[in-house]
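FYI, the numbering just counts along the sequence from 1.
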Amino acid sequence: MATYEETYSRIINELPVKKLLKKSQLNDHETCDLVMNIIASVSHYKRNKKFVYTNIPKDFVVIDIETTGLKSDDEIIQLSAIKFSNNKRVDVFDSYIKPLSSKISYAISNLTGITETMLADAPFLEDVQQSFINFVGDLAIVGHNITAFDLPKLNHFNIDLSDNLIFDTLRMSEAFLTISDHKLETIKEYYGIRNVAHNALNDCEAEAQIFLKFSHKDFVPVSETAPSNLFLAGKKVVLSGNFKVIPRKKLENLVLKYGGTTMKSITKNTDLFVDGIQTARNLIDGIHSSKELAAIDLQKETGKPAIVKETEFLELLQKAGEII
């Protein structure tokens, strides 16, 4: 780790700093005091991350976007924001965006629920960008991982929000919470926030709840008691394909929560087959996966496993008291 003196030497020898110091007309002693104070402050913030968040605003706007992918030239397909005044929701901005050239891949459509049909009559980004900029105004901006993704992407498409104060809930989570990782889904799980992910407006809702938890210094996780209705007790469950409403890992945890055990393969001991969206490249007949066909054949032969779609399985969970 560099010493203060080494850091000082590097900073004052940077060309932009040299130019700025020359314009300031500070003498050597004043320059040294200024730069050393800056270094000390930054060092303090790194050691005490919570110190940065002592003045959290009550008036702010939460933003989120969905895109055609993660590359720099991938386009925005949903632009959303929720405005808060005195920590109360007062207004919403939400618009699907028609991309200029990008196609919506199956993977993105499956992830976000957004299809090309839904975007056919949507406005282009340039048609709504000024309305969005006006909506945000000079309010503090809140979002999850926005400093690394949302804001650079918006800036790439000429929506410059660099003058606004930024509160990134990912960085705030790193400062406040001791959890396995600081992904949005992990923090939602920590606080018991349940809604459909990868929809920009839904994500704004979740990020707002998280930000308000942080602003109220509420860092206590939701404690879950064992459910009384263990409707999967002793059952062996196979999950197959992709799932739209709840991620696979969450579904696996719910199976365990309600007394079941997850299996990777279909066997004569399988009691329940949850049939998701099949996306494997090697679908047997172009429609069904090998697991699906194995489950169907075994059911015809033995009467089980019971085969249900994701929506049916979620209904079973809701009847058992789970909040989806």
Side-chain angles (χ1 to χ4, degrees), residues 52-53 56-57 59-84 89 91-100 102 104-105 107-109 111-114 118-119 122-177 181-188 193 195-215 247:
V52 180
Y53 303 113
I56 297 179
D59 299 335
F60 58 92
V61 60
V62 187
I63 70 171
D64 198 274
I65 62 175
E66 300 298 337
T67 65
T68 56
L70 299 177
K71 297 178 182 177
S72 60
D73 57 347
D74 282 323
E75 296 185 66
I76 296 170
I77 53 176
Q78 188 184 9
L79 180 61
S80 302
I82 303 176
K83 188 179 294 185
F84 286 76
R89 173 175 167 159
D91 206 355
V92 174
F93 181 101
D94 183 43
S95 178
Y96 288 121
I97 305 295
K98 185 175 183 177
L100 292 172
S102 303
I104 310 299
S105 69
I108 292 297
S109 184
L111 180 70
T112 64
I114 299 173
M118 294 167 64
L119 303 182
F124 292 110
L125 182 60
E126 64 178 9
D127 297 327
V128 300
Q129 67 181 52
Q130 191 57 52
S131 296
F132 179 76
I133 292 170
N134 293 343
F135 184 88
V136 173
D138 60 359
L139 287 171
I141 295 174
V142 173
H144 197 75
N145 199 32
I146 53 171
T147 52
F149 182 70
D150 303 70
L151 293 175
K153 175 65 68 176
L154 289 168
N155 188 63
H156 178 78
F157 288 104
N158 300 316
I159 299 177
D160 182 8
L161 303 174
S162 58
D163 289 337
N164 296 64
L165 191 61
I166 305 300
F167 287 85
D168 193 324
T169 52
L170 186 150
R171 302 303 172 202
M172 296 179 78
S173 176
E174 291 175 338
F176 293 132
L177 304 182
D181 61 65
H182 299 277
K183 296 176 182 177
L184 182 58
E185 284 303 304
T186 305
I187 306 171
K188 284 169 61 178
I193 298 169
N195 66 359
V196 179
H198 300 296
N199 170 281
L201 186 58
N202 284 348
D203 285 346
C204 282
E205 297 272 9
E207 290 155 15
Q209 291 184 57
I210 291 166
F211 181 72
L212 290 172
K213 290 281 189 182
F214 291 159
S215 67

Phe211 and Phe167 aromatic centres sub-6.0 Å: yes
Side-chain heavy-atom pair Ile141, Val62 within 4.5 angstrom cut-off: no
Backbone of Gln130 reached by a side-chain donor or acceptor of Asn134 within 3.5 Å: yes
Main-chain N/O of His182 paired with His144 side-chain donor or acceptor, under 3.5 Å: yes
Test item: Phe84 and Asp59 side chains (from C-beta on) under 4.5 Å apart, heavy atoms: no
4.5 Å side-chain heavy-atom contact, Phe149 and Leu70: yes
Expected output: side-chain Asp64 to main-chain Leu201 donor-acceptor under 3.5 Å: no
Worked verdict on Gln78 versus Ile65 for side chain to side chain contact (heavy atoms under 4.5 Å, CB included): CA-CA 5 Å; Gln78 188 184 9; Ile65 62 175; over 6 Å; no
Straight-line distance of Lys83 NZ to Ile63 CD1, nearest 0.5 Å: 13.0 Å
Glu66 CD to Tyr96 OH distance, which is reported to the nearest 0.5 Å: 9.0 Å
Asp91, CG: over 12 other non-hydrogen atoms inside 6.0 angstrom: yes
Option passing side-chain contact (heavy atoms from CB on, under 4.5 Å) with Ile114 (candidates Asn199, Ile97, Ile108, Ile77): Ile77
Side chain to side chain contact (heavy atoms under 4.5 Å, CB included) evaluation trace for Phe60 with Leu212: CA-CA 11 Å; Phe60 58 92; Leu212 290 172; 4.0 Å; yes
Sidechain-backbone polar pair: Glu75 side chain, Pro99 backbone, donor-acceptor under 3.5 Å: no
Polar side chain donor-acceptor pair, His198 to Thr112, under 3.5 angstrom: no
Criterion side chain to side chain contact (heavy atoms under 4.5 Å, CB included) on Ile187 and Thr169, from CA distance to verdict: CA-CA 10 Å; Ile187 306 171; Thr169 52; 5.7 Å; no
Exam field: side chain Ser95 to backbone Leu79, donor-acceptor pair closer than 3.5 Å: no
Verdict with supporting geometry, Val61 and Phe93, side chain to side chain contact (heavy atoms under 4.5 Å, CB included): CA-CA 10 Å; Val61 60; Phe93 181 101; over 6 Å; no
Under 3.5 Å donor-acceptor, Asp74 side chain and Lys71 backbone: yes
Check: Ser80 side chain, Asp94 main-chain N or O, donor-acceptor pair, under 3.5 Å: no
Approximate separation, where rounding is to 0.5 Å, of Ile166 CD1 and Arg171 CZ: 13.0 Å
Asp168 (side chain) donor-acceptor with Asn145 (main chain) under 3.5 angstrom: yes
